[in-house]
Number of protein chains: 2
Amino acid sequence: MRAAKVETGIRREQIAQAALGLIAGQGLKGLSVAAVANQVGLVPSAIYRHFQGKDQVLNAVLDLISMRLQENVAAVRAETQDPLERIHRLLLRHIQLVQVYQAIPRVLFSDEVYSGHPERKAKLYGIIRGYLQKIEEMVKEGQRQGRIRPEVAPETVAVMFLGMVAPSAFLWHLSDGGFNITRNTERAWKVFRAAIQEPPTTMKKKKRVKK
Amino acid sequence: MRAAKVETGIRREQIAQAALGLIAGQGLKGLSVAAVANQVGLVPSAIYRHFQGKDQVLNAVLDLISMRLQENVAAVRAETQDPLERIHRLLLRHIQLVQVYQAIPRVLFSDEVYSGHPERKAKLYGIIRGYLQKIEEMVKEGQRQGRIRPEVAPETVAVMFLGMVAPSAFLWHLSDGGFNITRNTERAWKVFRAAIQEPPTTMKKKKRVKK
DNA sequence: CTATATTGTGAATAGATATTCACAATGGAG
DNA sequence: CTCCATTGTGAATATCTATTCACAATATAG
């Protein structure tokens, strides 16, 4: 059966999506152009009408991931003004994201993506840097508003934020869902928030005097 | 030139070491039995005198990593009695470890290792679980001694511990050493410690009284 | 010393996979 | 309607890699 003729712009999206889905299921090892083509309903050679090769398909996958991350950032920005709450919600969204798209940590943490491809390695670094940047901005905003301790470096907080997500997602994935990622994330968030939050200046036993 | 005849026990170690080294350099994608054999100074087919196949070589690599991790645990246990200090030193050792053996995060976070190999996936999960277990024990010990807040779940602390290492190591690796992993880890540790440490029951904010 | 198990070698095999290419269908511009 | 650029197809190719196997060297037990 012959596949319908679809303009290359749409095909590119379909192919990138299919690749992301396959990575989620099979891992990068199982990602062949044949599999991707089959998923889209095409024949392997047809992929080359839309991409120069497998490398470019992987690049498109990276762009897709970058978009998903940035979408989350935009969403929490729209949802609330409170920086701490923004970070909290971004955490929840991120956890949900890696559960739906298991491929994301796989791609992000797999060397297969950038081994022997310096330009792709740089690209990946840029994507993560961009994400961290947004988190840092939230932290700075929180510090300006006096909600986050001024002495913690925004970069540190941002990297620690990743640290709350990555291992949890990884353990969850590795245990085939046995690891309770939701519970763990909730608890980690409490500890994390306590560490970065400027304590309210009320007069309880933890009295903290503004100097 | 013919390679010397070496008993299989030693060859197995050499092969596992060589594989770990190659993964550090090339990633899992570049890990071929030919490359491993060449590294050891053997011919590809010779590998099969010591391992049933590539799969078993990868298993041996996992065992190697597990050993390295447990060695670190044993070392910090011997170094100090203070649970908090143990955790701190384990952090430093772990950071150093992933810098020397870049392969470790690569292997741990790459799906290539366990994709389509449920038994190896389980094995990997077991290794990490075992490591987390040791950290949890340190936390519990710290709670018993009143040095760590009793309300934080040891499992949460252990997973967060991984979270301090993994993203840092990853960014460092991805940036070709540009990311300052040492500085970041130091700062993260301060925040982390503040979050889990039971505040001394003295009455100045910096004064620390030996009880 | 020599018999034998162990280890190393080179060639051959088999399977997978990315990529190319000549050819065919399709659909919109004119 | 007709042309032609675009998109899809099937077969062929080239490369890479794991694995097998018959044979060779080597060391150790007896």
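Every chain is numbered from 1 and lettered A, B, ... according to where its sequence line falls, protein lines coming before strand lines. Source: prediction; values computed, not measured.
DNA chain C is contacted by A/Ser45, A/Tyr48, A/Arg49, A/Gly53, A/Lys54 of residues 37-56 of chain A, taking any non-hydrogen atom closer than 4.0 Å.
The residue among A/Val6 and B/Val33 whose nearest nucleotide of DNA chain D is located toward the 5' end is A/Val6.
In this structure, the ring of B/His94 has its center less than 6.0 angstrom from the ring center of B/Tyr131.
Among the atoms of the strands shown, none is found under 4.0 Å from any heavy atom of A/Ile10.
The backbone N or O of B/Tyr114 sits nowhere less than 3.5 Å from a side-chain atom of B/Arg120 that would complete a donor-acceptor pair.
For A/Arg2 and C/dG27, the CZ to P distance is 10 Å, given to the nearest whole Å. Between the CZ atom of B/Arg12 and the P atom of C/dT7 there is a distance of 11 Å, given to the nearest Å. Rounded to whole Å, the distance from CG on A/Leu28 to C1' on C/dT17 is 15 Å.
Of the candidates A/Glu7, A/Gln14, A/Arg12, A/His50 forms a side-chain contact (heavy atoms from CB on, under 4.5 Å) with just one, namely A/Arg12.
Ion pair A/Arg93/A/Glu79 flagged as a salt bridge, since at least one NZ, NE, NH1 or NH2 atom sits closer than 4.0 Å to an Asp/Glu carboxylate oxygen. Electrostatic pairing of B/Arg144 and B/Glu141 counts as a salt bridge here, judged by a charged N lying under 4.0 Å from a carboxylate O. Comment: A/Arg183 engages B/Glu155 in a salt bridge, judged by a side-chain N to carboxylate O separation of less than 4.0 angstrom.
Distance from the side chain of A/Lys5 is smallest to D/dT7 among C/dT19, D/dT7, C/dT9.
Phosphate contact (OP1/OP2 of D/dG8, side-chain N/O of A/Arg11, threshold under 4.0 Å): present.
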